[in-house]
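Throughout, a chain's letter reflects where its sequence line sits, starting with A, and its residues are numbered from 1.
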Amino acid sequence: MSLFSGGYQARQDRRRYLERTLSIIAAFGLLFWLGINFLKSPSQFFQASLIGLSNGILYALIALGYTLVYGIIELINFAHGDLFMLSAVFSANFITIWFHRDSSSPAAWGLFLMCLLTVMILAATVNVGIERFAYRRLRRAPKLAPLITAVGVSFVLQFIGLRWNGSGPKTWNSVLPSGYFHISTIKIPYTTLLSFVITTPLLILMSWIVTRTRQGKAMRATAQDQDAARLMGINVDRTISFTFALGGALAGAAGLLFQQTRGLTSYNLGYQLGLIAFTSAVMGGIGNLQGAVLGALLIGLIQGLNDGLPIGLGQQWSQTVVFSILILLMAFRPTGLLGKAVTEKV
Amino acid sequence: MSALLEVKDLKVAYGSILAVKGVSLTVNEGEIVTLIGSNGAGKSTTLRTISGLLKPKEGSITFQGESIEGRPGHEIVAKGLCQSPEGRRIFPRMSVRENLDLGAFLRNDKAGIEADRERVLDLFPRLRERYEQKGGTMSGGEQQMLAVARAMMGAPKLLLLDEPSMGLAPVLVDMIFETIIKIREQGITILLIEQNASAALDVADRAYVLESGLIKMSGNASDLAKDEAVTKAYLGG
């Protein structure tokens, strides 16, 4: 039968055929674009990928906070990005203003680690407080109520950031070693290496907590059915607090890393990076931890390649490219890359 | 016989609507007690309140001589009061093994947990076959077995069963009720909620009849099974 005759089945076939053809063309286009860029300048290609991935791993830290909270109480915590912003502002003040360090030295590295610990604990505490006072009493309310509350909390945090950091961006000196080392012709900044060295163990620790510990087991049970979890003897309130603490700690770490590797703070960082991180979480399949990391690395990589390759759309199109890809992906896989459609027998 | 669970004048409200209007009941150690009544009589509400999922408006709940009303659910489980809830409520994205593990969430006695695991798998051999299968992909009957088995993993002194026969094929209903008798033989006291009144009265020692949030009748299960009003209202006689 011809592909272009009528009938429901035929229309379905034709659609599927079209979709497949289009995605094959798109994939070839992408490969072709990557290929010519790679041939033109392999070192620039790797350089751009590296920058992309190092951004991506930062997005991943923030994205996990969105996905953890969504996974357990189905709330999009809009305030999460702003918690990251406040962590960045706090870190800048902690290191440069309160402890007067603005250059790299072994003592300053110690201070950096101290700041990492402090900001993680602080951000975790603030996040737990936000849940306790703003979201908890709305747990049985219609979904829109906590959502709009989250938007409100986001503005409150942003305002605190505005008062603390001022209306414009501020630049800071890093206490991390500046400079580069080379692998053949690729320049690798020490700060990039450090981002990976600090983030990777955090991600591994996170996944260990969720999959291997008793607390993680309680989290997974609570995510699936709160009342059933209570009947197992799980303290649901404490489990949700713990989840907010985990997400908050990761946002805290991300804040410090961002501030120290970019040397920049601004009250609207939460909006900019928060949105990208949230997009990563959705792209990977919201509620799925590996998905959030995958989505974040992919978005970082896409941005890096788009901004840094010799033949590309360039930085001013960065967001457009990312969100176009998101829209396309959502059209074909509404549940995200690793998200699963919920099919359960009742 | 000593009272294991004593509920006195329990009133529970959803907003301003009183769903349970004054329920008193006693469960003695070693008994099977059933609470029967039609849809919406307040059976599940009573059970959910005993388990601490709902807060009572008035009244007292005493378990092993200790007042437990209004305490959070996880504390009540810790005292040995486990429930297999209405609609099974198993964890759908977890395997049978993980569901059973969660049933024993509060326990630390490894040997005891393993012994109980063997015990419930012997009780429900079907679950052994499905051990690594995700709960959400199993049939309704298998999910019901899992819900009961999971509650038993908490080493309950009192097991609350909410409509264990709901939506099951007749052959499975018989099997569930036979299992309830076996569970009692293992020394576990049972409070059973059922719409299937005749089967419930068959296995129970004593029964309470709940109507519109109030206890209408109570007594020995065998006596109630012969009672004209009960027969008429619940046994289709």
Colleague: With the side chain counted from C-beta on, respond yes when A:Arg136 and A:Ser241 share a heavy-atom pair under 4.5 Å apart, and no when they do not.
Modeller: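 A side-chain contact under 4.5 Å exists here.
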
Colleague: Would a 4.5 Å heavy-atom cut-off, applied to side chains only, mark B:Leu191 and B:Leu5 as touching?
Modeller: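 B:Leu191 vs B:Leu5: side chains touch.
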
Colleague: Residues of residues 100-112 of chain B under 4.5 Å from chain A (heavy atom pairs)?
Modeller: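 Residues B:Asp101, B:Leu102, B:Gly103, B:Phe105, B:Leu106 are the ones that qualify, each having a heavy atom under 4.5 Å from chain A.
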
Colleague: Output the residues of residues 150-177 of chain B for which the shortest heavy-atom distance to chain A is under 4.5 Å, in residue-number order; output 'none' if no such residue exists.
Modeller: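 Those residues of residues 150-177 of chain B which have a heavy atom under 4.5 Å from chain A are B:Arg150.
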
Colleague: Less than 4.5 Å apart, side chain to side chain, heavy atoms only: is that true for B:Glu118 and B:Arg128?
Modeller: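 B:Glu118 reaches B:Arg128 side chain to side chain.
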
Colleague: On a heavy-atom basis, which atom in A:Leu147 and which in A:Leu75 lie closest, and how many Å separate them?
Modeller: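 In terms of heavy atoms, the two residues are closest at N-CD1, 3.9 Å.
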
Colleague: Output yes when a side-chain donor or acceptor of A:Gln224 lies under 3.5 Å from a complementary backbone atom of B:Arg93, and no otherwise.
Modeller: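 Yes, because the side chain of A:Gln224 sits within donor-acceptor range (under 3.5 Å) of the backbone of B:Arg93.
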
Colleague: With a strict 4.5 Å heavy-atom criterion, list every residue of residues 77-86 of chain B that contacts chain A, or say none.
Modeller: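 Expected list: B:Val77, B:Gln83, B:Pro85.
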
Colleague: Between A:His80 and A:Tyr66, what is the ring plane arrangement, given parallel below 30°, perpendicular above 60°, and tilted in between?
Modeller: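 It falls in the perpendicular class, over 60°.
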
Colleague: For B:Tyr208, enumerate each residue passing the ring pair (Phe, Tyr, Trp, His ring centres under 6.0 Å) test, keeping only those at least two apart in sequence or located in another chain.
Modeller: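 Once residues adjacent in sequence are excluded, B:Tyr208 has no partner under the ring pair (Phe, Tyr, Trp, His ring centres under 6.0 Å) criterion.
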
Colleague: Which atom pair, heavy atoms only, marks the closest approach of B:Thr49 to B:Val12?
Modeller: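 Looking at all heavy atoms of both residues, the shortest contact is OG1-CG2, 3.3 Å.
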
Colleague: Between A:Thr199 and A:Leu203, is there a side-chain heavy-atom distance shorter than 4.5 Å?
Modeller: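 In short, these two side chains touch, coming nearer than 4.5 Å.
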
Colleague: Shortest non-hydrogen contact from B:Leu18 to B:Lys57?
Modeller: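 Scanning both residues, the minimum pair turns out to be CD1-CD, 3.9 Å.
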
Colleague: So B:Glu114 and B:Arg117, salt bridge (charged side-chain N to carboxylate O under 4.0 Å, His left out) or not? Walk me through it.
Modeller: CA-CA 5 Å; B:Glu114 289 320 306; B:Arg117 190 191 302 273; 3.1 Å; yes

Colleague: Considering only heavy atoms, which portion of B:Glu98 lies under 4.5 Å from any heavy atom of chain A: side chain, backbone, both, or neither?
Modeller: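 Answer is side chain: those atoms of B:Glu98 sit under 4.5 Å from chain A.
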
Colleague: Less than 4.5 Å apart, side chain to side chain, heavy atoms only: is that true for B:His74 and A:Ile234?
Modeller: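 No. Closest side-chain heavy atoms not under 4.5 Å.
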
Colleague: Would B:Arg88 and B:Glu142 pass as an ion pair if we require N to O under 4.0 Å?
Modeller: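 Salt bridge flag = no for B:Glu142 with B:Arg88.
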
